[in-house]
Amino acid sequence: MPELPEIETIRRGIAPEVEGRRIVAVDVRERRLRTPIARDFADRLAGRHVVQFDRHGKFLLGHLDDGRLWLVHLGMSGQLTLADGPVPARTHDHVVVRFEGDRTLTYNDPRRFGRLAVIDAAAVAAEAGGGVDALSPALDAGLLFALTRRRRTSIKALLMDQRRIAGLGNIYVSELLFRAGVRPRRAAGRLSRAECARIVAATAHVLAEAVRLGGSSINDYRDGFGRYGCFQSVHQVYDRAGEACRRCGTTVRGVVVVGRSTFWCPTCQR
DNA sequence: CGCACCCCCTGCCGGC
DNA sequence: TGCCGGCAGGGGGTGC
């Protein structure tokens, strides 16, 4: 489900509500996620204050007052929902975190591909990926040019590799490559410096616009308060195979690249 | 290194 | 209407 704009939307909604607050109770109802929730997860979280609620790539990172990090990954179908007071249990509500002031944060995840953990701060790079965040100013044309050199893989695969760049997923890679005018199967190592600059600019633009519109709600994405995002209404190519390109009218193509469905315009992208 | 192909899991949609 | 296959925004592992 969620990529960087969706995670950032959730973070912006939830952070002001949980920062500085103490966690009074943690109810783990289902620990069988793809990586099972550790036995001591609830004990490591209960009683702690959330100092800061941060994001790196697709991970949410709660900085706890004991120096450890509360790590949340939503996988494909995870949702975090904040509510006042106790909430009726829904199917797939796997973890319920209650804060002082009777605020409740619920982790719901039908497919259970997400991850919840409390880790030592030193382990964050290993656990939550070391790639530069896709919204960071550090991701500039020079860095992307360097990352792509001597790489034979496709630019799409490189942009989605969380160890190099953190936060981009299937929707936004299609969208930003359309905006940059670069075909998704182009060999990364053969991109020019100018093309790398266009990709970086398109990444910043598309992500900022998506965050502004609250992310993309395709099937089940909702923000921290259950609200839909709107960016799907301005998708240029994603999930539009066979339809007319909004810019030039050419039929949008759909192909599978590194195992993921990929969309591009053969006229606008070279 | 790069990729094709598995896996994890539930839900939804289209075709029959 | 119902069943079934395919596919879905995530990531990880293996083997070639």
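Lettering of chains follows the sequences in order, A, B, ..., and the numbering in each one begins at 1.
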Closest listed nucleotide, where the reference is the side chain of [X] and the choices are [options]:
| X | options | value |
| --- | --- | --- |
| A/Phe113 | C/dA8, C/dG10, B/dC3 | C/dG10 |
| A/Arg151 | C/dG9, B/dG2, B/dC9 | B/dG2 |
| A/Lys58 | B/dG11, C/dG11, C/dG9 | C/dG11 |
| A/His73 | C/dG11, B/dG11, C/dA8 | C/dG11 |
| A/Arg152 | B/dC8, B/dG2, B/dC3 | B/dG2 |
| A/Arg34 | C/dG9, B/dG2, B/dC7 | B/dC7 |
| A/Pro110 | B/dG11, B/dC3, C/dG10 | B/dG11 |
| A/Ser261 | C/dA8, B/dG11, B/dC9 | C/dA8 |
| A/Arg112 | B/dT10, C/dG11, C/dG9 | B/dT10 |

**Study point:** C/dG6 to B/dC5 separation - P atoms, rounded to the nearest Å
**Key:** 14 Å
Check your understanding: Got more than 12 heavy atoms from elsewhere within 6.0 Å of CZ, A/Phe225?
Key ->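 Enclosed: over 12 neighbouring heavy atoms sit under 6.0 Å from CZ of A/Phe225.
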Review point. Taking the six-membered ring for Trp, is the centroid-to-centroid distance between A/Tyr172 and A/Phe231 below 6.0 Å?
Key: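 So the answer is yes for these two rings.
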Please report the distance, rounded to the nearest Å, between [atom1] in [X] and [atom2] in [N].
| X | N | atom1 | atom2 | result |
| --- | --- | --- | --- | --- |
| A/Arg90 | B/dG11 | CZ | P | 13 Å |
| A/Leu159 | C/dG10 | CG | P | 13 Å |
| A/Arg222 | C/dG9 | CZ | P | 17 Å |
| A/Asn108 | C/dG9 | CG | P | 19 Å |
| A/Tyr172 | C/dG10 | OH | P | 10 Å |
| A/Arg240 | C/dA8 | CZ | P | 17 Å |
| A/Met76 | C/dG6 | CE | P | 17 Å |
| A/Arg55 | C/dG10 | CZ | P | 14 Å |

Exercise for review: Go through the N and O atoms of the side chain of A/Arg111 and the base of B/dC9, and report whether any donor-acceptor pair is under 3.5 Å.
Suggested key: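 Under the 3.5 Å cut-off, the side chain and the base do form a donor-acceptor pair.
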**Study point:** Under 3.5 Å donor-acceptor pair, A/Asn219 side-chain atoms to C/dG9 base atoms
**Key:**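 Such a pair is found, so the answer is yes.
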Note: [X]-[Y] ion pair, threshold 4.0 Å (strictly below):
| X | Y | value |
| --- | --- | --- |
| A/Glu8 | A/Arg55 | yes |
| A/Arg164 | A/Asp161 | yes |
| A/Arg103 | A/Asp84 | yes |

Practice item. Both distances under 3.5 Å, Watson-Crick or G-U wobble: report the partner of B/dG14, or none. Key: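 In the structure as shown, B/dG14 has C/dC4 as its Watson-Crick or wobble partner.
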Review point. Using the ring of each side chain (for Trp, its six-membered ring), is A/Tyr107 parallel, tilted or perpendicular to A/His94, with breaks at 30° and 60°?
Key: tilted
Check your understanding: Phosphate oxygens OP1/OP2 of B/dC9: is one of them under 4.0 Å from a side-chain N or O of A/His92?
Key -> no
Practice item. May I ask you to verify if any side-chain N or O of A/Gln162 is less than 4.0 angstrom from the OP1 or OP2 atom of C/dG10? Key: no
